[in-house]
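The chains referred to below are lettered A, B, ... by the order of the sequence lines, with proteins before strands, and numbering in each begins at 1.
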Amino acid sequence: MSFRPPKGTDDILPPDSRRWRRVLRAFDDLAERFGYDLIVYPVFDSTEIFARGVGEGTDVVQKEMYTFKDRGGRSITLRPEATASVVRAYLASGSQIPMKLAYAGPMFRYERPQAGRRRQFWQVGVEYLGEDSPQADVEVIELGYRFYQTIGLEGLEVQVNSLGDPTSRAAHRGALTEFLEGIRSHLSEDSRTRIETNPLRVLDSKEDHSKLQGAPLPAEFLSDESVEHYAAVKQGLQQASIPFVENPRLVRGLDYYTRTVFEYVATRLDVAQNAVGGGGRYDQLAEVLGGRHVPAVGFSLGIDRIVLALGEEAGLRPALDAFIIVADEQRRQAAVGLVRELRARHLRADMEPGPRSVKAQFKSADRRQALYAIVVGDEWDDGEVTIRDLDKGEEVRVARERISTYLRIGGEAE
RNA sequence: GUGGCUGUAGCUCAGUUGGUUAGAGCGCCGGGUUGUGGUCCCGGAGGUCGCGGGUUCGAGUCCCGUCAGCCACCCCA
């Protein structure tokens, strides 16, 4: 019997999980402030949704999906990404648009695990459905950017590009295919098969990067409307003071993107895992799934990689505000009452549930990483407790009714 | 799917040209007396050296196989 989690999965426990909690909370809070409602939807969905939505030619669909038959003979796939399912859920609901949705949860891709690449990984994201305006693109990109700012991720780069609308994409694809055929014999085997399946992907191949000088880029084929849209997005980003760089070769790996695409790159991580988030506009996806025309834009951010990029030094605050210590068992009920009261006042408080020596209780307080230990003993009869700052080692007597205030202000006003 | 690296205590690792009872740090448990942790001191528990086979008088150390983990390519978050 092995207790290891399955290949490519991780158990996230304290103290790491505290970092996760902080990041997830920050996202939830920010998305809510930007007006995004929560969407909760299945972790698995019909295989067809992903095959059609993400694109038959993509690596994700061709070799990375967890697909199986359920007991009813249906082909089921664990979601490898969010957007296709979210659009499916929206179409199923018949809700009004525009609609702004945020999600968080695990995604699954069957890959060889390595740093920052797991078979189960968490993404948070938003989808702005039913909105065509470049302002929506800007808002989405800004939300992601503010999120990274909020959690204190340093060295973040925002890359943007435009892939154009279906017409210009087709024109570009034709020209690119022709170009690639011309240099076919110089390309890697992977790139060669992609000439037929997904020529766009060859553009950001690391392997053949040097051979692609002069290859036609999406930007050269944009329609007037797409040029205008892209210009408006860039202008909006400037007005929002969001630093960005244009990357004309940025194409993204999922087929549904049109016009704006963007990526958040953590420059402090190795290239292998420095894409910590990405997204774009997907105006045709709803139709591809069999619905009506619903222009939309969204992103998803990789929590595992973000936590990786934050690193150890991103300071975590202590886990508890106060650990209550029962100096003698007669006063246990008073201590229990105090814990209850502090918790009701939104302070993080805890205590030992059974009798233990004062020494052992202090040890627990320390182990639990409490900011303060509060001793409930003889002084309780005088209406006071002893509060010990576990970091500084200093102690003061504080009136019972002033405890929560004292914990909040850290005794500074004393 | 391809390539590289690594498997020794709960964790991180050291183990000399193969040679007696396999070590350290951290962690864990107990103690340094009675209401004080973390720091300091003392003591203790804990390992079929991933697994299987081979070479040898003798293997943690060499060889083969196997399993597992890590990292990279590819791709992506």
- request: Determine the Euclidean distance between corresponding C1' atoms of B:U12 and B:C75; express it in Å to zero decimal places.
  value: 32 Å

query: Is any NZ, NE, NH1 or NH2 atom of the basic residue among A:R408 and A:D321 found under 4.0 Å from an Asp or Glu carboxylate oxygen of the other?
result: no

task: Report yes if at least one side-chain N or O of A:Q273 is closer than 4.0 Å to OP1 or OP2 of B:A72; otherwise report no.
output: yes

query: Say you pick atom C1' in B:G60 and the same atom in B:U17; how far apart are they, in whole Å?
result: 16 Å

message: Whether the side chain of A:E111 and the base of B:A77 hold a donor-acceptor pair under 3.5 Å is what I'd like checked.
response: yes

query: Can you check the A:I374 CD1 to B:G37 C1' distance for me, whole Å?
result: 15 Å

Whole-Å P distance, B:A24 and B:G15: 15 Å

- prompt: Which residues satisfy the side chain to side chain contact (heavy atoms under 4.5 Å, CB included) test with A:D283, sequence neighbours excluded?
  reply: A:T258, A:R259, A:R281, A:H293, A:P295

- request: Starting at atom NZ of A:K7, determine the distance to atom C1' of B:C71, rounded to an integer number of angstrom.
  value: 12 Å

query: Looking at B:U36, B:C74, B:A72, which one has an atom nearest to any side-chain atom of A:D270?
result: B:A72

message: I'd like to check the side chain to side chain donor-acceptor pair (under 3.5 Å) partners of A:T177; sequence neighbours left out, ordered by chain and number.
response: none

- request: Mind calculating the distance between CD (A:Q62) and C1' (B:G1) to the nearest angstrom?
  value: 13 Å

task: Would you kindly compare A:G377 and A:S300 by the position of their nearest RNA chain B nucleotide and give the one closer to the 5′ end?
output: A:G377

- request: In whole angstrom, give me the gap between the P atoms of B:A22 and B:G31.
  value: 30 Å

statement: Residue set satisfying side chain to side chain donor-acceptor pair (under 3.5 Å) with A:S85, at least two apart, ordered chain then number -> none

task: Please measure how far the P atom in B:C70 lies from the corresponding atom in B:C13, and state the result in whole Å.
output: 13 Å

- prompt: When you measure from the side chain of A:A272, which nucleotide among B:G35, B:A72, B:C74 comes out closest?
  reply: B:A72

task: Pick base, sugar-phosphate or nothing for A:D378, based on heavy-atom distances below 4.0 Å to the nucleic acid.
output: base

field: side chain to side chain contact (heavy atoms under 4.5 Å, CB included) against A:K363, all qualifying residues, sequence neighbours excluded
entry: A:R367

- prompt: If we take the C1' atom in both B:U39 and B:G32, what is their distance in whole Å?
  reply: 15 Å

- prompt: Would a 4.5 Å heavy-atom cut-off, applied to side chains only, mark A:L371 and A:L407 as touching?
  reply: no

Polar atom pairs between nucleotides 39-42 of chain B and protein, under 3.5 Å, N or O only, would you list them?
none

- request: Would you indicate, yes or no, if B:C75 has its OP1 or OP2 atom less than 4.0 angstrom from a side-chain nitrogen or oxygen of A:R252?
  value: no

- request: Check whether any side-chain heavy atom of A:L342 sits under 4.5 Å from a side-chain heavy atom of A:S404, and report yes or no.
  value: yes

- request: Tell me whether the OP1 or OP2 atom of B:C75 has a side-chain N or O from A:K63 closer than 4.0 Å.
  value: no

- prompt: Can A:D137 and A:H229 be said to form a side-chain hydrogen bond (donor to acceptor under 3.5 Å, both in side chains), step by step?
  reply: CA-CA 10 Å; A:D137 307 38; A:H229 186 95; 2.9 Å; yes

- prompt: Counting only heavy atoms not in A:E154, do more than 12 fall under 6.0 Å of its CD?
  reply: no

- prompt: Which string of ( ) [ ] | and . matches RNA chain B, if you list each base 5' to 3' and count Watson-Crick or G-U pairs only when both distances are under 3.5 Å?
  reply: (((((((..((((.....[...)))).(((((.......))))).....(((((..]....))))))))))))....

- prompt: With distance as the sole criterion, do the side chain of A:D366 and the base of B:G37 form a donor-acceptor contact below 3.5 Å?
  reply: yes

- prompt: Nearest of B:G37, B:C73, B:C71 to any side-chain atom of A:R118?
  reply: B:C71

query: Under 3.5 Å, is there a donor-acceptor pair between the side chain of A:T77 and the main chain of A:R79?
result: no

- prompt: Mind checking whether A:Y264 and A:Y148 have parallel, tilted or perpendicular rings, split at 30° and 60°?
  reply: tilted

field: Pairs flagged by side chain to side chain donor-acceptor pair (under 3.5 Å) wherever residues 23-35 of chain A is involved - sequence neighbours left out
entry: A:D29-A:R33

field: Pairwise C1' distance, B:G52 and B:G44 [rounded to whole Å]
entry: 36 Å

field: Distance-only donor-acceptor test, A:Q361 side-chain atoms vs B:U36 base atoms, 3.5 Å
entry: no

- prompt: Heavy atoms under 4.0 Å, any strand shown: does A:G125 hit a base, just sugar-phosphate, or nothing?
  reply: nothing

Considering only nitrogen or oxygen atoms on both sides, find all protein atoms under 3.5 Å from nucleotides 26-33 of chain B and state each distance.
unit_1, atom_1, unit_2, atom_2, d
B:C28, OP1, A:R367, NH1, 2.9

message: Rounded to whole Å, how long is the line connecting atom CD of A:E352 with atom C1' of B:G35?
response: 15 Å

- line: Among the nucleotides B:A77, B:A72, B:U36, whichever has the atom closest to the side chain of A:R112 is B:A72

query: Among B:A72, B:C74, B:A77, which is the nearest nucleotide to the side chain of A:D59?
result: B:C74

message: If we check side-chain contact (heavy atoms from CB on, under 4.5 Å) with A:V376, which of these qualifies: A:L338, A:I325, A:V326?
response: A:L338

message: Once ring-ring contact (aromatic ring centres under 6.0 Å, His included) is applied, what residue pairs with a partner in residues 265-289 of chain A remain, sequence neighbours excluded?
response: A:Y256-A:Y282

message: At 4.0 Å (heavy atoms only), tell me whether A:R117 reaches a base, stays on the sugar-phosphate, or touches nothing.
response: base

task: May I ask you to say what A:R368 touches in the nucleic acid, namely base, sugar-phosphate or nothing, with a heavy-atom cut-off under 4.0 Å?
output: nothing

message: At 4.0 Å (heavy atoms only), tell me whether A:E379 reaches a base, stays on the sugar-phosphate, or touches nothing.
response: base

task: Please name all residues satisfying side chain to side chain contact (heavy atoms under 4.5 Å, CB included) with A:V251, sequence neighbours left out, ordered by chain then number.
output: A:L163, A:L200, A:R201, A:L203, A:D204

query: For B:A72, does OP1 or OP2 lie under 4.0 Å from any side-chain N or O of A:Q114?
result: yes

- line: Under a 4.0 Å heavy-atom cutoff, the residues of residues 383-392 of chain A touching RNA chain B are A:T386, A:R388, A:L390, A:D391

message: Tell me the closest heavy-atom pair linking A:R332 and A:G354, and the distance in Å.
response: NH2-O, 3.1 Å

message: Counting the atoms with a prime plus P, OP1 and OP2 as sugar-phosphate, which does A:A365 contact under 4.0 Å by heavy atoms, base, sugar-phosphate, or nothing?
response: nothing

task: Please state the C1' separation for the pair B:G35 and B:G43 - nearest whole angstrom.
output: 26 Å

field: Residues which pass ring pair (Phe, Tyr, Trp, His ring centres under 6.0 Å) with A:F221, listed by chain and number, not counting sequence neighbours
entry: A:H172

field: Nearest-nucleotide 5' precedence on RNA chain B, A:E263 against A:P113
entry: A:P113

- prompt: Is A:V375 touching bases, backbone alone, or none of the nucleic acid, heavy atoms closer than 4.0 Å?
  reply: base

- request: Take atom CZ of A:R397 and atom C1' of B:U36, then tell me their distance rounded to the nearest Å.
  value: 15 Å

